[in-house]
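First up is the structure itself, then whatever we jot down about it.
We use all heavy atoms of the structure for the numbers below, so side chains are in, but hydrogens, waters and symmetry mates are not. What you see is a predicted model, and the numbers here were worked out from it, not measured in a lab. Residues: numbered from 1 along the sequence shown.
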Amino acid sequence: MSDVSRRAFMHVAGVAAAVVGATSTNAAVGNPSRPTAGKIKVVSSANGLEATRKAYEMILAGSDPADAVVAGVGIVEDDPNDTSVGYGGLPNERGIVELDAAVMHGPTHRAGAVASLQNIRHPALVALKVMRRTDHVLLVGAGALDFAKAHGFPEENLLTELSRKIWLRWKETLSDKDDWMPDPADNDIPVADFFRSRSVPLVQSAATRDVKVASDISPMKFRRPTGTIHCAGMTRLGDFACTTTTSGLAFKIPGRVGDSPIIGAGLYCDNEIGSCGSTGLGEVNLQNLCSFAAVELMRNGASPEEAGMEVLRRVAKKIEPRLRDKDGHPDFGLIFYLLAKDGRHAGVTMWGPEKFSVTDENGTRHEDCTALFTRP
Ligand code: GLY
């Protein structure tokens, strides 16, 4: 960025900050004396239990919180059995794994992100490099891959046998008007379990994001996964960092980018206030910049739970009819994980029951999310 364009950017950023400040009603805005918990805390999505434990231990040992949360989610990026993140993540419609990730650092208010990154197992680590070793925030596609290789990240095929077989089953059962045909004798248990666990009766869903699947579970629809991991940590001094990493919507159009690598949507932290991050259907989050909105609500006095629930209500109110079920409720999952400077935390979900992960001085555990709607 040239000096002129950098100055122009700083001016625009300053105006935006003034607008946000002008709408604030809380005297604590910009006040570094907002009380800190004085205790380490790490929160994550349900799949991030070990991530919170790892990040907590690293913060306790003196690591920067950004290094700690990225190392935490690295455990799940490595896990071939988590089909929503990193190695073993479900691929795009062409069978190629494309990963999105971002990191945000409270003390410097810097951020780094990568999107549509292929062949690199740890996109959150690459996002951290973007934050620390470039003057940019977001690198995508071939440029992100070149950057990762320049920093010594090895290229590898991220498609495991399980994710390949799930993708192939999806492709072969998508339509009876193409030339792909499933093997009628195929009885791969893990693949069948995958579809069964995500299937809903046709009558319960109106969302066009669902597709028909194999005849063995017909007449059912398959809810495409948008699983992800988010992890946020706070040090004893009240310094925050957060990260979100994902393989995104399963079988997406190549090049589709969700909320995870977008600062303000898939994650956001303000070192004076707290952090928020998300998992679930990225498009609705992108349309509402939910993580930024939730942190701003906390700035104005809302608790983490109140802030997260208000954002969920806003999303539920604004979504299009095609994303509603027969009762008019949102027909998708969306979860936020929130952590405030004073040590309060919450997980909130569009549909319960759901869990989220926490590690603090009371140990490592799953807690219940507060739900806007609950399935019977
Ligand atoms: N929240 C993950 C995605 O939609 O890509």
Side-chain angles (χ1 to χ4, degrees), residues 35-79 81-82 84-86 101-107 122 124-125 127-128 227-246 260 266-271 273-280 291 294-295 298 303-305 307-308 335-349 352-370:
T36 52
K39 291 174 179 165
I40 301 165
K41 182 168 286 193
V42 183
V43 298
S44 182
S45 33
N47 56 351
L49 202 62
E50 291 311 313
T52 63
R53 196 195 310 271
K54 170 92 180 169
Y56 183 91
E57 284 166 4
M58 285 182 64
I59 294 171
L60 192 63
S63 289
D64 184 278
D67 290 305
V69 294
V70 167
V73 299
I75 297 170
V76 180
E77 289 175 330
D78 266 334
D79 182 356
N81 296 315
D82 190 315
S84 70
V85 178
V103 181
M104 189 155 187
H105 186 239
H122 290 296
L125 260 180
L128 191 62
T228 296
I229 178 168
H230 171 75
C231 185
M234 182 178 68
T235 69
R236 275 204 189 90
L237 298 176
D239 285 336
F240 284 84
C242 54
T243 182
T244 305
T245 173
T246 188
S260 303
L267 75 173
Y268 187 74
C269 70
D270 182 318
N271 221 43
I273 308 298
S275 78
C276 178
S278 70
T279 61
S291 292
V295 172
M298 290 197 284
S303 70
E305 182 178 306
I335 308 181
F336 297 111
Y337 313 92
L338 304 104
L339 184 52
K341 186 95 170 168
D342 63 8
R344 288 180 295 173
H345 65 274
V348 301
T349 180
E354 291 283 356
K355 303 273 186 196
F356 69 108
S357 309
V358 184
T359 294
D360 57 15
E361 78 276 16
N362 299 316
T364 297
R365 60 197 180 275
H366 275 139
E367 291 188 11
D368 291 326
C369 292
T370 306

In this structure, CD1 of I273 is separated from CG of L339 (nearest 0.5 Å) by 12.5 Å
Between atom CE of M234 and atom OG1 of T36, what is the distance when rounded to the nearest 0.5 Å?
7.5 Å
Value rounded to 0.5 Å, distance of CG in N47 from SG in C231
10.0 Å
Option among V85, I229, L267, V73 that satisfies the side chain to side chain contact (heavy atoms under 4.5 Å, CB included) test with T244:
L267
Closest approach of V103 and A127, non-hydrogen atoms and distance?
CG2-CB, 3.9 Å
Using the side-chain hydrogen bond (donor to acceptor under 3.5 Å, both in side chains) criterion, which residues pair with D368? Sequence neighbours excluded.
K355
Minimum heavy-atom distance between V295 and C276, given as atom pair plus value:
CG2-N, 3.9 Å
As an exercise, state the distance from CG of L237 to CD1 of I59, rounded to the nearest 0.5 Å.
11.0 Å
For a quick test of reading the model, state the closest non-hydrogen atom pair linking A340 to P304 and the distance between them.
CB-CG, 3.7 Å
So does S45 get a backbone contact from the side chain of S357, meaning a donor-acceptor N/O pair under 3.5 Å?
yes
What pairs with T243 under side-chain hydrogen bond (donor to acceptor under 3.5 Å, both in side chains), at least two apart in sequence or on another chain?
none
Looking only at side-chain N and O atoms, does T246 offer a donor or acceptor that is under 3.5 Å from a partner on T228?
yes
Determine yes or no for a side-chain-to-main-chain donor-acceptor pair under 3.5 angstrom, with H230 supplying the side chain and F336 the backbone.
no
Those residues that, when tested against T52, pass side-chain hydrogen bond (donor to acceptor under 3.5 Å, both in side chains) (two or more places apart):
T359
By salt bridge (charged side-chain N to carboxylate O under 4.0 Å, His left out) - contacts of E354 (at least two apart):
none
Should the ring pair F356 and Y337 be called parallel, tilted or perpendicular, given that the plane angle runs from 0 to 90° and is split at 30 and 60?
tilted
Under a 4.5 Å cut-off applied to non-hydrogen side-chain atoms, are F240 and M104 in contact?
no
With a 3.5 Å cut-off and no angle check, do the side chains of H105 and N271 form a donor-acceptor pair?
no
By salt bridge (charged side-chain N to carboxylate O under 4.0 Å, His left out), D79 pairs with (sequence neighbours left out) none
Check salt bridge (charged side-chain N to carboxylate O under 4.0 Å, His left out) between D239 and all other residues, then give those that pass, not counting sequence neighbours.
none
Test your reading of the model: is there a side-chain donor-acceptor pair from E361 to the backbone of K39, 3.5 Å cut-off?
no
Minimal heavy-atom distance between G106 and C269, with the atoms involved, is N-SG, 3.6 Å
For the atom pair CE (M298) and CG (L338), what is the distance rounded to the nearest 0.5 Å?
5.0 Å
N/O donor-acceptor pair under 3.5 Å between K41 side chain and V358 backbone:
no
Does this structure show an ion pair linking R53 with E50, if we count only N-O contacts that are shorter than 4.0 Å?
yes
Taking side chain to side chain contact (heavy atoms under 4.5 Å, CB included) as the criterion, tell me which of I40, T235, V42 meets it with P65.
T235
Is a donor on one side and an acceptor on the other found under 3.5 Å between the side chain of S278 and the backbone of I335?
no
Check ion pair R365-D360 (N to O, under 4.0 angstrom)
yes
